Amino acid sequence: DAGVIQSPRHEVTEMGQEVTLRCKPISGHDYLFWYRQTMMRGLELLIYFNNNVPIDDSGMPEDRFSAKMPNASFSTLKIQPSEPRDSAVYFCASSAWGRETQDTQYFGPGTRLTVL
Amino acid sequence: GNSVTQMEGPVTLSEEAFLTINCTYTATGYPSLFWYVQYPGEGLQLLLKATKADDKGSNKGFEATYRKETTSFHLEKGSVQVSDSAVYFCALSEAAGNKLTFGGGTRVLVKP
């Protein structure tokens, strides 16, 4: 399996612009997670989905952030408008409940976002 | 709520030294416990896990034992290599939703 795929790997944008991060989970996984990692705050869970349905978005920092999962093989995290404090590495992870590797999350390589 | 506390780094060691990273947790039920490792510029990778009390997880020379009585899951390796330089995260999973609670991470630097 190719693992969790994220794109782009690096994104540099200017304040006020819309940013869209993309994630393709491992085929057959029914949970998808979006995390943000910064030096100051460490690793934060933003939102997670089960079977394409958002289950917990309590970690989404504000209304500028939105996430969708239109189907089992694709998810997006959108920031509009972006601000310099959104600069971070954003990770996507997926897992499969009820299988041999249940409750183990597999992480993508991350998207490094820089907002100028 | 659930929480994970791990020792702050950085931890600097010489090659072939013994490594211990302490991790303690707070949970209302019976969580599964994990160690994830993050190499520079990469995402997190599962290093090892344990799903019930007294279980020992092991991988790549690393070990950790699930100690319910002390609510701990300390990571150990007997002889570290330069390639073990990374950030190590302790985590727990309790809910059926596979949601992980992470510790703050411990940076380990192994010098030749």
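Proteins get letters first, then strands, A, B, ... in listed order; numbering begins at 1 in each. The analysis underlying the following values was restricted to heavy atoms, covering all of them including side chains, and did not include hydrogens, waters or symmetry mates. Note that the structure is a prediction, hence the values are computed from the model and not measured.
Counting heavy-atom neighbours within 6.0 Å of E8(B) CD, excluding the residue itself, gives a total of 12 or less. A 6.0 Å sphere centred on CG of N71(A) holds more than 12 heavy atoms belonging to other residues, nucleotides or ligands. Within 6.0 Å of atom OH in Y30(B), 12 or fewer heavy atoms from other residues, nucleotides or ligands are found, so the atom counts as exposed in its surroundings. Surrounding CD of E16(B) are at most 12 heavy atoms belonging to other residues, nucleotides or ligands under 6.0 Å away. The environment of R112(A) atom CZ is sparse: at most 12 non-hydrogen atoms of other residues, nucleotides or ligands sit within 6.0 angstrom.
In this structure, chain B has no heavy atom under 4.5 Å from any part of E44(A). For L45(A), the part lying under 4.5 angstrom from a heavy atom of chain B is the side chain only. Heavy atoms closer than 4.5 Å to chain A are found in both the backbone and the side chain of L44(B). Contacts of Q45(B) with chain A are absent, with no heavy-atom separation under 4.5 Å from either backbone or side chain.
Distance check, rounded to the nearest 0.5 Å: CZ of F107(A) to CD of E42(B) gives 13.5 Å. Between the CG atom in L43(A) and the CD atom in Q38(B) there is a gap of 7.5 Å [rounded to 0.5 Å].
Put simply, the side chain of Y36(B) gets close to the backbone of Q105(A): a donor and an acceptor are under 3.5 Å apart.
In this structure, Y48(A) and L100(B) have side chains that are not in contact, with every pair of non-hydrogen atoms separated by 4.5 Å or more. Residues F34(B) and T104(A) have side chains in contact (heavy-atom distance under 4.5 Å, counting atoms from C-beta outward).
Cluster membership for L21(A) and F49(A), using ILVMFWY side-chain heavy atoms within less than 4.5 angstrom, is shared. A continuous path of ILVMFWY side-chain contacts below 4.5 Å connects L48(B) to I21(B), so both sit in one hydrophobic cluster. When the side chains of ILVMFWY residues are joined at heavy-atom separations under 4.5 Å, either directly or via intervening members, V82(B) and L109(B) end up in two distinct hydrophobic clusters.
The nearest pair of heavy atoms linking F33(A) to K99(B) is CE2-CA, 4.1 Å.
Counting heavy-atom pairs under 4.5 Å between each of S32(B), G43(B), G105(B), A91(B) and chain A puts G43(B) at the top.
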